[in-house]
Amino acid sequence: MWGAWGTSRVAVRGGGAGGGAGASGAAGPAAPPPRDGIVGLERAERAGLPVFVCRVKDHADRAAWDRALAEAVAAYEPDLVVSAGFMKILGAEFLARYGGRIINTHPALLPSFPGAHGVREALAYGAKVTGCTVHFVDDGVDTGPVIAQGVVEIRDEDDESALHERIKEVERKLLVEVVGLLARHGYRIEGRKVLIP
C-alpha cells in the first residue's frame with residue numbers, strides 16, 4: 001500500500017498474512033504480493049487503492065523480475081519502500097534504485113537470528129527475550145542498519161507459532177510508528193546508525 005504522510009510517498013510491498021502496515025490504515029497505491037490471498041492487498045483493493053502484482057514466476061528469471069519490480073515501483077516515485085512480509089531477496093537493480101529508502105521487518109532482535117527462521121532459532125538457542133527489528137535493506141540478509149526494535153519475552157510454554165504471533169503484534173505497531181517518524185521527520189544514515197531528527 002502507499003501512504004502520504006506530510007510530503008512523503010510510501011510504497012508498501014506485502015506478502016504476510018497479517019496485512020502488515022495495511023492494518024494501520026495506510027493509504028495509497030499498493031504493492032506486489034508473491035502469492036494469492038494476501039490480506040494487505042485485499043484491504044487495499046476494498047479501500048479503492050491502486051495495486052499491482054509482480055510475481056517472480058511471471059518473469060524469465062530473478063533479474064528480469066527485479067527490473068520489472070523496480071520499474072513498477074518507480075511509477076509512484078516513492079520516498080520510502082516498506083517491506084511487510086514480502087520474504088523475497090531484492091536484486092541489484094532494485095537496491096541500486098531505492099537503496100537507503102527500503103525498510104523491512106524481521107522477527108528477531110538483529111543482529112541475532114537473521115534469515116527466515118529467526119523465531120525458531122531464538123527458541124532453540126534458549127534465549128529469554130527476542131522481538132522484532134525494523135531495519136533498512138542492504139545487499140545482505142537482514143544486515144542493514146537498524147531503525148528500531150521491540151522486545152518480546154520468551155515464555156517457558158512458548159512454541160514457535162505462539163511466540164511468532166506475539167512478535168507480530170509488536171512488529172506491526174513498531175512498523176507503523178517507524179514509517180510515520182521517517183515520513184514526518186526524515187532521517188539520515190551514518191554508517192550503521194539511523195538518525196531521526
Starting from V170, walk the hydrophobic network (Ile, Leu, Val, Met, Phe, Trp, Tyr; side-chain heavy atoms closer than 4.5 Å) and list everyone else you reach, by chain and number.
-> V119, L123, V152, I154, L163, I167
Do D58 and W65 come within less than 4.5 Å of each other through their side chains, counting heavy atoms only?
-> no
Got a donor-acceptor contact below 3.5 angstrom from the Y98 side chain to the P78 backbone?
-> no
Looking only at heavy atoms, the pair that brings P197 and G186 closest together is CD-O, 3.4 Å
Should R46 and E42 count as side-chain neighbours, where that means a heavy-atom distance under 4.5 Å?
-> yes
Any idea which heavy atoms bring F94 and V81 closest together, and the distance?
-> CZ-CG1, 4.1 Å
Using the side chain to side chain donor-acceptor pair (under 3.5 Å) rule, collect all pairs that involve residues 114-127, keeping only residues at least two apart or in two chains.
-> H117-R120, R120-E160
Ignoring hydrogens and geometry, is there a side-chain-to-backbone donor-acceptor pair from N104 to V137 under 3.5 Å?
-> no
Salt bridge (charged side-chain N to carboxylate O under 4.0 Å, His left out) involving E45 - partner list, sequence neighbours excluded | none
By side-chain contact (heavy atoms from CB on, under 4.5 Å), which residues pair with D61, not counting sequence neighbours?
-> A63, A64
Would you say the side chain of P107 lies within less than 4.5 Å of the side chain of E171, judging by non-hydrogen atoms?
-> yes
Answer yes or no: is there a donor N or O on one side and an acceptor on the other, between the side chain of R192 and the main chain of G144, under 3.5 Å?
-> yes
Is the closest side-chain heavy-atom distance between E71 and R97 below 4.5 Å?
-> yes
Would V146 and V194 show up in the same hydrophobic cluster when neighbours are defined by side-chain heavy atoms closer than 4.5 Å?
-> no
Measure the shortest side-chain to side-chain distance between L80 and L182 over non-hydrogen atoms and say whether it is less than 4.5 angstrom.
-> yes
Can E177 and R172 be counted as an ion pair, charged N to O under 4.0 angstrom?
-> no
Could I get the full list of side-chain contact (heavy atoms from CB on, under 4.5 Å) partners for A148, not counting sequence neighbours?
-> L174, V178
How is the hydrophobic cluster of V141 composed, in terms of its other members, when Ile, Leu, Val, Met, Phe, Trp and Tyr link through side-chain heavy atoms under 4.5 Å apart, directly or indirectly?
-> I89
Is it possible for you to say whether F52 and F86 belong to one hydrophobic cluster, with membership spreading through side-chain heavy-atom contacts below 4.5 Å?
-> yes
Identify, with sequence neighbours excluded, every residue that meets salt bridge (charged side-chain N to carboxylate O under 4.0 Å, His left out) alongside R188.
-> E190
Does a side-chain heavy-atom distance below 4.5 Å link I103 with H135?
-> no
Return the minimal non-hydrogen interatomic distance between H106 and G115, and the atom names on each side.
-> CE1-O, 2.9 Å
Output the rest of the hydrophobic cluster of V129: all Ile, Leu, Val, Met, Phe, Trp and Tyr residues reachable through side-chain heavy-atom contacts under 4.5 Å, sorted by chain and number.
-> L109, V151
Do T133 side-chain atoms and L110 backbone N/O form a donor-acceptor pair below 3.5 Å?
-> yes
Starting at CG of L175, measure out to SG of C132 and round the result to the nearest 0.5 Å.
-> 9.0 Å
Salt bridge (Lys or Arg N to Asp or Glu O under 4.0 Å) pairs touching residues 128-151, sequence neighbours excluded, are none
Qualifying ring pair (Phe, Tyr, Trp, His ring centres under 6.0 Å) pairs with a residue from residues 152-197, counting only residues at least two apart or across chains = F136-Y187
Do H59 and C54 touch side chain to side chain, with heavy atoms closer than 4.5 Å?
-> yes
Any chance you could measure K193, atom NZ, to I196, atom CD1, to the nearest 0.5 Å?
-> 14.0 Å
Taking only residues two or more places apart in sequence or in another chain, which ones pass salt bridge (charged side-chain N to carboxylate O under 4.0 Å, His left out) with E165?
-> K168
R62 side chain to G91 main-chain N or O, any donor-acceptor pair under 3.5 Å?
-> no
Nearest heavy-atom neighbours spanning G140 and T143 = CA-OG1, 3.2 Å
Residues at least two apart in sequence or cross-chain that pass salt bridge (charged side-chain N to carboxylate O under 4.0 Å, His left out) with R166, listed by chain then number, are D158
